[in-house]
Amino acid sequence: MHKGSCQCGKVAFQVEGDFEHFFLCHCQYCQKDTGSAHAANLFSTKATLTWLRGEDELQTYQVPDSRHVKGFCRCCGAALPSVQMEGQLIVVPAGALDTPVPLKPNAHLFVASRANWDQQLEQLPCFAGLPES
């Protein structure tokens, strides 16, 4: 059982079952969705998604003429799960989970679209919080 929510707390959900894949997607749509280098999404064709509260705050957007769908909270804008492929696929943004993510990413996708600044980031300094000024 996995539980998650949006940033403002108006929407909460649970996923029963296993995730089959965990992909980091670098396509231009995911860069726009996240405002970052990639999206981190969990995929399942077997799990069940249940909205615990706030389903009426859920908004989805599909990029015209594409299969790209984004679910988000209409109040705070946080990424939320979406049900795709006529109910055959659940896509859950990894950052939307409140429980630990159960697996490591399987692969990077659409690396031909990778942001030009998304290289060797593990070499940057790391801080536990904001850096000292």
Side-chain angles (χ1 to χ4, degrees):
M1 175 87 65
H2 314 283
K3 292 193 176 197
S5 60
C6 67
Q7 197 156 261
C8 70
K10 289 187 177 182
V11 181
F13 62 92
Q14 70 181 21
V15 177
E16 285 188 70
D18 295 327
F19 296 109
E20 294 139 31
H21 301 287
F22 183 5
F23 294 126
L24 304 178
C25 183
H26 296 264
C27 80
Q28 292 176 336
Y29 299 139
C30 285
Q31 288 179 38
K32 293 287 186 186
D33 281 353
T34 64
S36 190
H38 59 77
N41 289 310
L42 298 149
F43 295 81
S44 182
T45 59
K46 299 173 183 160
T48 302
L49 172 66
T50 304
W51 298 103
L52 301 175
R53 70 175 174 272
E55 186 175 2
D56 57 326
E57 296 295 335
L58 174 68
Q59 180 74 46
T60 58
Y61 173 74
Q62 180 164 1
V63 175
D65 302 320
S66 80
R67 293 181 4 194
H68 187 87
V69 177
K70 177 184 173 79
F72 59 95
C73 173
R74 72 174 80 229
C75 181
C76 66
L80 289 170
S82 60
V83 179
Q84 302 178 21
M85 296 174 51
E86 298 177 5
Q88 300 299 306
L89 179 67
I90 296 170
V91 179
V92 178
L97 290 180
D98 297 326
T99 53
V101 176
L103 58 146
K104 300 269 187 229
N106 299 100
H108 290 268
L109 306 179
F110 293 96
V111 293
S113 302
R114 189 177 214 154
N116 67 331
W117 51 267
D118 184 19
Q119 303 290 328
Q120 301 175 341
L121 299 179
E122 63 280 350
Q123 296 176 8
L124 293 174
C126 296
F127 302 94
L130 290 175
E132 301 286 325
S133 45

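Note that these values count all heavy atoms, side chains included, but never hydrogens, waters or copies made by symmetry.
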### Task
Answer yes or no: does atom CD of Gln62 have more than 12 heavy-atom neighbours from other residues, nucleotides or ligands under 6.0 Å?
yes

### Query
Could you go step by step and tell me if Leu97 and Val92 meet the side chain to side chain contact (heavy atoms under 4.5 Å, CB included) rule?
CA-CA 8 Å; Leu97 290 180; Val92 178; 4.0 Å; yes

### side chain to side chain contact (heavy atoms under 4.5 Å, CB included) assessment of Val11 paired with Trp51
CA-CA 8 Å; Val11 181; Trp51 298 103; 3.7 Å; yes

### Task
Write out all pairs satisfying side-chain hydrogen bond (donor to acceptor under 3.5 Å, both in side chains) with one or both partners inside residues 63-92, taking only residues at least two apart or from two chains.
Asp33-His68, Gln59-Arg74, Ser82-Gln84

#### Entry: Non-hydrogen atoms of Leu80 and Ser5 that approach each other most closely
CD2-C, 4.2 Å

### Message
Using side-chain heavy atoms (C-beta onward) and a distance below 4.5 Å, is His108 in contact with His26?
### Response
yes

### Query
Any sub-3.5 Å donor-acceptor pair from Gln31's side-chain atoms to Ser113's backbone N or O?
yes

#### Entry: Minimal non-hydrogen separation, Gln119 against Asn116, with atom names
CG-O, 3.9 Å

### Shortest non-hydrogen separation from His21 to Leu103 and the atoms involved
C-CD1, 4.3 Å

### Query
For the residue pair His38 and Thr34, what are the closest heavy atoms and their distance?
O-OG1, 3.6 Å

### Task
Answer yes or no: is there a side-chain heavy-atom contact under 4.5 Å between Thr45 and Phe19?
no

### Query
Do Phe23 and Phe43 have their ring centres less than 6.0 Å from each other?
yes

### Query
So do the side chains of Leu58 and Phe13 get within less than 4.5 Å of each other, counting heavy atoms only?
no

### Message
Hydrophobic clustering (ILVMFWY, side-chain heavy atoms < 4.5 Å, transitive) - are Leu24 and Ile90 grouped together?
### Response
yes

### Query
Going through the distances and angles, do Glu57 and Glu55 end up as a side chain to side chain contact (heavy atoms under 4.5 Å, CB included)?
CA-CA 5 Å; Glu57 296 295 335; Glu55 186 175 2; over 6 Å; no

### Query
Is atom CZ of Phe22 surrounded by more than 12 heavy atoms (other residues, nucleotides or ligands) closer than 6.0 Å?
yes

### Message
Measuring only between side-chain heavy atoms, which start at C-beta, is Cys73 closer than 4.5 Å to Gln7?
### Response
no

